2 protein chains.
Amino acid sequence: MEKTIIELEQAAQTLKLLGDKTRLTILGLVKDSECCVCEFVEVLQMSQPSISQHLRKLRDAGLVKEQRRGQWIFYSLNREHATYPIIQQVLEQIPDQKEKLTALEKAGLRIQCDS
Amino acid sequence: MEKTIIELEQAAQTLKLLGDKTRLTILGLVKDSECCVCEFVEVLQMSQPSISQHLRKLRDAGLVKEQRRGQWIFYSLNREHATYPIIQQVLEQIPDQKEKLTALEKAGLRIQCDS
DNA sequence: TGCACATATAAGCATATACTTATATTATGA
DNA sequence: TCATAATATAAGTATATGCTTATATGTGCA
């Protein structure tokens, strides 16, 4: 496997974004499945504008992709990003966030959308 | 090899420290060999107080260790830190900083101290 | 067309961050 | 003991950050 070296400046930018509990959790959540804003709000127990602002930073940096489906906007991890290898490594070393989504599911709060 | 999971909060704290070009370079430098403050100043072309302040943050978080030898204080990577695996992975994915030290050496500015 | 929901954006504000300059601390060596 | 070198710390300041509340935008549906 070819090893790609990530420019220091770009690595620092990504690491700065990862260096926040909220954003790190968001990335941990989208690692496995895409999520919409209201799910983040529910899981993280934060205000909707605050979540939106964090998502915007992640999206502006290109770390996540957004896709509108009906009234929801789903966010997913951008695995094509130059710094994705860093994100991947980091996410492997922190607790899995999946259970938080299954808890949502049990509470009937998971958004299932196929429009 | 046992895989250790790093608490999200602690991971975020370390990532925040890594998310700065200066500190990321410093960690890249001490990855291979310990360095003293004046070497960082030379390599990074920044003021001494600024460097010292970055080093303090890294040391307060426990990411680096310091050791006085005569009038110099040498800094090295703390490989016992809980989040060291993250740091290690990140440093593997950015350009090696070693050449900057060899450049210093050629310029006769490397501190060699054995007191 | 109009209302409700999901989301984004704007503006304001308190705190954090990363420098600067000035000064203190510690060690060396004449 | 004094001057110098290496480093740390303090104080000041401009900018960045992450929230808040208020409002705008876009979609679905009666």
Side-chain angles (χ1 to χ4, degrees), chain A residues 9 12-27 29-30 34-61 63-76 104 108-115, chain B residues 9 12-27 29-30 34-61 63-76 104 108-115:
Chain A
E9 194 140 358
Q13 195 218 355
T14 287
L15 290 163
K16 180 185 241 168
L17 288 168
L18 295 182
D20 173 276
K21 237 177 77 172
T22 301
R23 288 190 296 264
L24 191 54
T25 307
I26 286 175
L27 291 172
L29 288 166
V30 294
E34 50 182 19
C35 299
C36 70
V37 181
C38 58
E39 293 174 321
F40 296 127
V41 170
E42 193 60 39
V43 167
L44 291 160
Q45 293 286 297
M46 290 177 63
S47 76
Q48 175 267 315
S50 188
I51 294 288
S52 270
Q53 283 154 16
H54 282 294
L55 286 168
R56 179 144 76 126
K57 291 193 176 189
L58 292 172
R59 190 204 48 194
D60 284 354
L63 303 192
V64 300
K65 292 183 289 188
E66 67 174 33
Q67 194 195 359
R68 170 151 239 148
R69 290 215 211 101
Q71 60 191 145
W72 296 285
I73 297 177
F74 285 81
Y75 285 85
S76 59
L104 257 199
L109 293 170
R110 195 81 208 278
I111 304 296
Q112 299 294 351
C113 170
D114 34 40
S115 65
Chain B
E9 194 140 358
Q13 196 220 353
T14 287
L15 291 163
K16 180 184 244 168
L17 287 168
L18 295 182
D20 173 275
K21 236 176 80 170
T22 301
R23 287 189 297 263
L24 191 54
T25 306
I26 287 176
L27 291 172
L29 287 166
V30 294
E34 51 182 18
C35 300
C36 70
V37 181
C38 59
E39 292 175 322
F40 296 127
V41 169
E42 194 60 38
V43 168
L44 291 159
Q45 291 286 295
M46 289 178 64
S47 76
Q48 175 267 316
S50 190
I51 294 288
S52 270
Q53 282 154 18
H54 282 295
L55 286 168
R56 179 144 76 125
K57 290 194 176 191
L58 292 172
R59 190 202 49 192
D60 284 353
L63 303 191
V64 299
K65 293 183 289 189
E66 67 174 35
Q67 193 196 357
R68 170 153 237 147
R69 290 214 211 101
Q71 60 192 147
W72 296 286
I73 297 178
F74 284 82
Y75 285 86
S76 58
L104 257 198
L109 292 170
R110 194 82 209 279
I111 304 296
Q112 298 295 351
C113 169
D114 33 42
S115 64

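Below, chains carry the letters A, B, ... as their sequence lines are ordered, and counting in each starts from 1. None of the values given here were measured: they were computed from a predicted structure.
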Roughly, in whole Å, what's the span from [atom1] in [X] to [atom2] in [N]?
X: B:I51; N: D:dA5; atom1: CD1; atom2: P; answer: 20 Å
X: B:Q71; N: C:dA24; atom1: CD; atom2: P; answer: 21 Å
X: B:W72; N: D:dA6; atom1: CH2; atom2: C1'; answer: 9 Å
X: A:M46; N: D:dT21; atom1: CE; atom2: C1'; answer: 15 Å
X: A:E34; N: C:dT7; atom1: CD; atom2: P; answer: 12 Å
X: B:L55; N: D:dT7; atom1: CG; atom2: P; answer: 10 Å
X: B:R68; N: C:dT28; atom1: CZ; atom2: C1'; answer: 11 Å
X: B:D20; N: C:dC19; atom1: CG; atom2: P; answer: 6 Å

Just compare [options] and give me whichever is closest to any side-chain atom of [X].
X: A:P49; options: C:dA22, C:dT7, D:dA22; result: D:dA22
X: A:R59; options: C:dT9, D:dG18, D:dT17; result: C:dT9
X: A:H54; options: C:dT7, C:dT20, D:dC19; result: D:dC19

CG-OG1 distance between A:D20 and A:T25, expressed to the nearest 0.5 angstrom: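 Answer for the CG-OG1 pair, A:D20 versus A:T25, is 8.5 Å.
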A:I73 CD1 to A:L55 CG distance, which is reported to the nearest 0.5 Å: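 Reported value, rounded in 0.5 Å steps: 9.5 Å.
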Please determine if a side-chain N or O atom of [X] lies less than 4.0 Å away from the OP1 or OP2 oxygen of [N].
X: A:Y75; N: C:dA8; value: yes
X: A:K16; N: C:dT17; value: no
X: A:S50; N: D:dG18; value: no
X: B:R56; N: D:dT9; value: yes
X: B:S52; N: D:dT7; value: no

Verdict with reasoning, A:C35 to A:R110, per side chain to side chain contact (heavy atoms under 4.5 Å, CB included): CA-CA 9 Å; A:C35 299; A:R110 195 81 208 278; 4.0 Å; yes
Considering every strand and a 4.0 Å limit on heavy-atom distances, what is the contact class for [X]: base, sugar-phosphate, or nothing?
X: A:F40; answer: nothing
X: A:K57; answer: sugar-phosphate
X: A:K21; answer: nothing

D:dA8 base / B:Q48 side chain donor-acceptor hit below 3.5 Å: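 Between D:dA8 and B:Q48, which were checked side chain against base, a qualifying N/O pair under 3.5 Å is present.
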Any N/O donor-acceptor pair, A:Q53 side-chain to D:dT20 base, under 3.5 Å: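 Check passes, donor-acceptor contact within cut-off.
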Backbone N/O of A:C36 and side chain of A:E39: donor-acceptor pair under 3.5 Å: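 Between the backbone of A:C36 and the side chain of A:E39 there is a qualifying donor-acceptor contact (under 3.5 Å).
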Any donor-acceptor pair under 3.5 Å from A:R68 side chain to A:G70 backbone: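 Yes, because the side chain of A:R68 sits within donor-acceptor range (under 3.5 Å) of the backbone of A:G70.
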Check: A:L18 and B:L18 side chains under 4.5 Å, non-hydrogen atoms: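 Of all side-chain heavy-atom pairs linking A:L18 with B:L18, none is under 4.5 Å.
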